[in-house]
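Report on the following structure.
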Amino acid sequence: MSLINENFLDLQESYLFSTIAKKVEKFTKENPDKKIIKLGIGDVTKPIVPACLEAMHKAVEEIGTKHGFKGYGPEQGYEFLRNVIVENDYQARGIDIDADEIFVSDGAKCDCGNIVDIFAQNNKVAITDPVYPVYLDTNVMSGRAGSFKDETQTYENIVYLPVTAKNDFKPELPKEKVDLIYLCFPNNPTGTVLDKEELKKWVDYAKENQAIILYDAAYEAFITQKDIPHSIYEIEGAKDVAIEFKSYSKTAGFTGVRCAYVVIPKNVNGYTKTGEKVSLNKLWKRRTSTKFNGVSYIVQKAAEATYSEEGKKQIKENINFYLRNAKIIKEGLEQAGFTVYGGVNSPYIWLKVPEGLTSWEFFDKLLEEVNIVGTPGSGFGPSGEGYFRLTAFGTKEDSIEAIERIKKGF
Ligand code: PLP
């Protein structure tokens, strides 16, 4: 008899996006003449930039030749890509990272999800609330979460760190000792950031408690303010306690192309039960070479091209396009009387729903009265209740029209 991993039975069904889709479908059927504007999407919409396309075309031609053919590549990623990552994403910011501390992958979702493999089951995990659901669900699957409590909508063994307007979206240090801490800045879903001083508190906490910070910087390219760190390694001491996840998805429109990387500095250690230090870089390398055969050469060539002069320029234009949409939405909502967060260093705009409404009630009102689709904050965790996420990944015209409708309709 094949026994299943029963931890999977502890997962809560995520009704968020399927419920949204159902509600939108029903409304469209009943109101076929209404034009719905979708500002709920978390996917980019701009096509891959020419510099990356050109690199991919070249790579395609190359592998069709006798001398250019590529079979299995290095599991950790080709050196040509790891070297430009080091130069551009780290050395250029004064951060000393070696190419063998970089692991190229097919997505930050997989990396954030798979990283739990190298940690013991009895680690205490802290997540911010609301949160990108992958951190929580992968810990449920691997048996670290305990049982789900309906009253609080939380798992008994997970430490939830609320991020709301009350604490200016800056998570407070946990009162109990935790071992693994997921931080994501710029944050999905709130669009908010931490400055260096705030982030330093977490690095210091991790050092004092021999904890590890799992730092998701998937939206780093959207940072516009000067004092906001693009990498956790800008913080002194972080190279001893932090693992960083980066992705080309939102940076370069690679959500369909698939490429990302994780950084595990060689000084970052975990511990055995008897207290011996073990290099997490070594463990992850072992895991990677066992379970992964690398990202395709063509895709890694495209990722390399994001660092060329042309590539950087073209990507910046796309990011600026999304950021301009974010500004239109944020300022428009403020003019309409809403309290709004995010949208400055992020493609996500997080707004406070009007007094007396839940996130879902606001969703219905927005859909029915002004035909706009967003994402209810409560879908990202209990502390997301009372908030709502809009994204800047639509067109400029839709962003402008959405705001006009909201101004008229509310
Ligand atoms: N991390 C965060 C916070 C995200 O919001 C997303 C995607 O929406 C990802 C990671 C996934 O990135 P990737 O496309 O590289 O898997």
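All values below come from the heavy atoms of this structure, side chains included, with hydrogens, waters and symmetry mates left out. Numbering of ligands and ligand atoms starts at 1, following listing order.
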Can a salt bridge be assigned to the pair Glu198 and Lys201 using a cut-off of 4.0 Å between side-chain N and carboxylate O? yes
Residues passing the salt bridge (Lys or Arg N to Asp or Glu O under 4.0 Å) test with Glu79, sequence neighbours excluded, are none
Ring-ring centroid check Tyr297 Tyr78, cutoff 6.0 Å: yes
Give a yes or no on whether a salt bridge exists between Glu236 and Lys200, defined as a side-chain N under 4.0 angstrom from a carboxylate O. no
Phe27 six-ring face occupied by Lys34 cation (under 6.0 Å, within 45°): no
Quickly, which of Lys38, Lys407, Lys35, Lys396 forms a salt bridge (charged side-chain N to carboxylate O under 4.0 Å, His left out) with Glu401? Name it, please. Lys35
Residues around ligand 1, heavy atom under 4.0 Å from any ligand atom, sorted by chain and number. Can you pull those? Gly107, Ala108, Lys109, Tyr132, Tyr135, Cys184, Asn188, Asp216, Ala218, Tyr219, Ser247, Ser249, Lys250, Arg258
